[in-house]
Amino acid sequence: MKQYFCNPLNFTYQYQFNQKENGFSLNREAADPSMILFKGKYYLFPSMTRGFLVSADMAEWKLCSLKDVPVYDYAPDVRVIGDWMYFCASRRGEVCDFYRTKDPESGEFERIPGTFDFWDPNLFLDDDGRMYFYWGCSNMTPVWGVELNPDTMERLGEPVVLIENHHKEYGYERTGEDHHYDPNGSHIVQLLKAQMAQNLGCSPDAITDITPAIESTPEQYRPLLKAALSDAPYIEGAWMTKHDGRYYLQYASPGTQFNIYNDAVYVGDNPLGPFTACRNNPFSYSPGGFCPGAGHGSTMEDKAGNWWHTSTMRISVNHDFERRIGIWPAGFDKDGELFCNQRYGDWPQAVTGGKTDPWAEPEWMLLSYNKNVTASSQEKPAANAVDENVRTWWKAGEKDAAPWLLLDLGTDCTVNAVQVNFADDMGSAAELPAGARLIGEPGRGRYIEERSFFTRFLLETSIDGENWSILEDKRNSDTDLPHDFIVRPDGIRARYLRLTVTETAYHAAACISGLRVFGNGNGSAPAQVTNVKALRKDAMSMLLTWQGDAVGYEVLWGHAPDKLYHSYRVFARTQLEVRALMENVSQYYVRIDAFNENGITQGEVLPADHTF
């Protein structure tokens, strides 16, 4: 039976209290997902969830609790080893243990004492029974690999350097929003400027050189501080996949807080290399759309032989680690290149239980972008709920006892799905919940909320704005789903949608980052774009311009005309700079597809011109 899901994935993201100078930041988080097929079910383990997700179909996920394993350690890794599921997670500077279970939903894990520390781990069992281990997470150190004794989990030999940073040759490793490095954008820079300004009795804006603040830092911390302020990317999040006898070692870069967080892959003939960077890098890259980011994840083959890739999506407003989980179709092409289809990657996707086309176009179009929306009150504009930006939101007034949003699609359309995205805008928390205690280093502690909350609402539709029908009634639900997804496969006719929020976590003011409606309009798909120009400005960047009058555009590129595996979705603009190219790829090709409420019109494939 065909079912649907929509990224960000729909489950309960746990609230995090992250210690800061005054109080705690408060927001939801899940990241760094490991997804596997184990004994006929799909399991997904994200960071900072105090649990894991289980599903029979990859559409509906159930959250299960974890106990007796290190739930506060980042980047949990799970692998199938015979009848066992093996688990480990990150703890730099301390020996990390391994765990295993034959029934994860029972909560019973067997501990295997570790012998070394690691960060961002990945375990891999080869077909010959030999076991390998990969780890690394830093902008100063590489991804390492080593063989393990499968009985004791001890290292056999010394670690081997497998992947180092190449941000001077690989554009996708360049740090910063859209790969533009901004040294003054760092939170650490702002803290150092504030400290110096306080000592000097001036404004932080007057500080132009933070070298004195760095030099006054205790000597043992200066290398770490300088590394944090450099433009070097984080190289992290290893995951090994074996396909047709070859070894695909993926890794993430350059930083989780950026829209360009991505997964790239190296390929080799042996599990410890040597490896060569693939020309298709980064294979997982989703810098545009509603919720961008597609780094630090895992790749899995499902029951029917379809490949899927899951990774981390970025919000990073309340905290750099405010993140979500996404899943996309993936696969290997005829030449053995690993790809991931993130075109329209935060629109509804179908899962059927059978073999599917990873490049199938969306069944339903986005109907809600920039449409007229009103609200019962507006501390932050109602228009933010339809701007396709997860980092902005409508916020109701604090005293609004019955907050509502009213969306006008402009004409009656066929509505097939609605994604209701709640945002967090509670400011800092002054203290922890009663009985809670911080875990982690002094000054950087964390507490994962253990109480349950309800996110409740009423969603109605109307043709004329006067007579209303209930589309979804969650006023008495026992769920807490910040990215709730409502599907009507057969469709309903509607022009107006009204969302009334009746309960939120912590009884906070209602905040909606996206009231996203999908279906089909009544007109024609847009005209094909014209006057496309793709100019490669340097080895790692190209500028694209075009003309068109569509709602939005899916900009595609790749190293061959039939391998346009990269994409960037934009709205209300006809220009884009792509800064994710590889220096050693001599020729790129581009195509710009136009879309509106009625369909997609593909553009022509063109070679990028060069100016260098």
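Please read all numbers here as calculations on a predicted model, not as lab measurements.
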Q: May I ask you to check whether over 12 heavy atoms, not counting those of Glu604, lie within 6.0 Å of atom CD?
A: no
Q: CD of Glu173 to CD1 of Ile260: how many Å apart, nearest 0.5 Å?
A: 10.5 Å
Q: Rounded to the nearest 0.5 Å, what separation is found between the CE atom of Met582 and the CE atom of Met540?
A: 11.0 Å
Q: I need the single residue from Phe321, Phe118, Trp135 that forms a ring-ring contact (aromatic ring centres under 6.0 Å, His included) with Tyr74. Which is it?
A: Phe321
Q: Enter the distance from Glu236:CD to Asn139:CG here, rounded to the nearest 0.5 Å.
A: 9.5 Å
Q: Is any side-chain heavy atom of Asp32 closer than 4.5 Å to one of Arg323?
A: yes
Q: Side chains of Asn27 and Glu29: donor-acceptor distance under 3.5 Å anywhere?
A: no
Q: At their closest point, which heavy atom of Phe45 faces which heavy atom of Pro76, and how far apart are they?
A: O-CG, 3.7 Å
Q: How close do Ser513 and Ala423 get, heavy atom to heavy atom, and via which atoms?
A: CB-CB, 4.1 Å
Q: If you compare all heavy atoms of Asn122 against all heavy atoms of Trp239, which two are closest, and at what distance to 0.1 Å?
A: ND2-CE3, 3.1 Å
Q: Using modelled atom types only, decide if a donor and an acceptor are shared between the side chain of Gln19 and the backbone of Gly445 within a distance under 3.5 Å.
A: yes
Q: Could you tell me whether the side chain of Asn280 and the main chain of Glu337 form a donor-acceptor pair under 3.5 Å?
A: no
Q: For a side-chain hydrogen bond (donor to acceptor under 3.5 Å, both in side chains) check, start with the C-alpha distance between Asn389 and Asn384, then their side-chain angles and the critical distance, and finish with the verdict.
A: CA-CA 8 Å; Asn389 184 355; Asn384 289 350; over 6 Å; no
Q: Say whether, by atom type as modelled, one donor and one acceptor occur between the side chain of Asp387 and the main chain of Thr392 under 3.5 angstrom.
A: no
Q: With distance as the sole test, does Gln587 use its side chain to make a donor-acceptor pair with the main-chain N or O of Ala560 at under 3.5 Å?
A: no
Q: Verify side-chain contact (heavy atoms from CB on, under 4.5 Å) between Trp328 and Asn7, making sure each step is shown before the conclusion.
A: CA-CA 9 Å; Trp328 300 272; Asn7 295 320; 3.4 Å; yes
Q: Looking only at side-chain N and O atoms, does Asn165 offer a donor or acceptor that is under 3.5 Å from a partner on His167?
A: yes
Q: Are Glu554 and Glu361 close enough that some pair of their side-chain heavy atoms sits under 4.5 Å apart?
A: no
Q: Hey, does Ser541 have a side-chain heavy atom less than 4.5 Å from the side chain of Arg174?
A: yes
Q: Parallel, tilted or perpendicular: which describes the rings of Phe339 and Tyr565, with under 30° parallel and over 60° perpendicular?
A: tilted
Q: For the residue pair Gly288 and Tyr568, what are the closest heavy atoms and their distance?
A: CA-CE2, 3.7 Å
Q: Which heavy atom of Arg279 sits nearest to which heavy atom of Asn584, and what is that distance?
A: NH1-O, 4.1 Å
Q: I'd like to know whether CG of Asp549 has more than 12 heavy-atom contacts from other residues, nucleotides or ligands below 6.0 angstrom.
A: no
Q: Leu544 versus Tyr553: any side-chain heavy-atom pair under 4.5 Å?
A: no
Q: Measure from NZ or CZ of Arg536 to the centre of the six-membered ring of Tyr588, then state whether that distance is under 6.0 Å and the direction lies within 45° of the axis.
A: no
Q: Looking at Lys533, I want to see if its NZ is surrounded by more than 12 non-hydrogen atoms of other residues, nucleotides or ligands under 6.0 Å.
A: no
Q: Indicate yes or no for a side-chain donor-acceptor contact from Thr545 to the backbone of Gln575 under 3.5 Å, with no hydrogens or angles considered.
A: no
Q: Hey, do the aromatic rings of Phe332 and Tyr248 have their centres closer than 6.0 Å?
A: yes
Q: Could you walk me through whether Asn10 and His483 pass the side-chain hydrogen bond (donor to acceptor under 3.5 Å, both in side chains) check?
A: CA-CA 5 Å; Asn10 184 24; His483 303 284; over 6 Å; no
Q: So Cys6 and Arg516, do their side chains get closer than 4.5 Å, heavy atoms only?
A: yes
Q: Any donor-acceptor pair under 3.5 Å linking the side chain of Asp425 with the backbone of Cys511?
A: no
Q: With a 4.5 Å heavy-atom cut-off, do Gln250 and Thr299 have their side chains touching?
A: yes
Q: Is there a donor-acceptor pair closer than 3.5 Å between any side-chain N or O of Thr601 and the backbone N or O of Ala594?
A: no
Q: Would you indicate whether the side-chain heavy atoms of Ile448 and Tyr15 approach each other to under 4.5 Å?
A: no
Q: Would Phe283 and Tyr285 count as a close aromatic pair, with their ring centres under 6.0 Å?
A: no
Q: Is the distance between the ring centroids of Tyr134 and Tyr251 under 6.0 Å?
A: no
Q: Is the centre of the Tyr369 ring less than 6.0 Å from the centre of the Phe571 ring?
A: yes
Q: Check the pair Arg314 / Asn259 against side-chain contact (heavy atoms from CB on, under 4.5 Å), numbers first and verdict last.
A: CA-CA 6 Å; Arg314 178 291 298 262; Asn259 68 318; 3.3 Å; yes
Q: Between Tyr344 and Gln349, is any pair of side-chain heavy atoms under 4.5 Å apart?
A: no
Q: Calculate, to the nearest 0.5 Å, the distance between atoms CG and CD1 belonging to Leu162 and Ile235 respectively.
A: 12.5 Å
Q: Counting only N and O atoms by type, is there a donor-acceptor contact under 3.5 Å from the side chain of Gln16 to the main-chain atoms of Gln14?
A: yes
Q: Distance under 6.0 Å and angle within 45° of the ring axis: does Arg446 meet both against Tyr72?
A: no
Q: Can you tell me how far the OG1 atom of Thr175 sits from the NE2 atom of His180, to the nearest 0.5 Å?
A: 12.0 Å
Q: Restricting to non-hydrogen atoms, name the atom on Ala30 and the atom on Pro46 that form the minimum distance, rounded to 0.1 Å.
A: CB-CB, 4.0 Å
Q: Measure centre to centre between the rings of Phe595 and Trp347, then say whether the value is under 6.0 Å.
A: yes
Q: Can you tell me how far the SG atom of Cys137 sits from the NE2 atom of His296, to the nearest 0.5 Å?
A: 7.5 Å
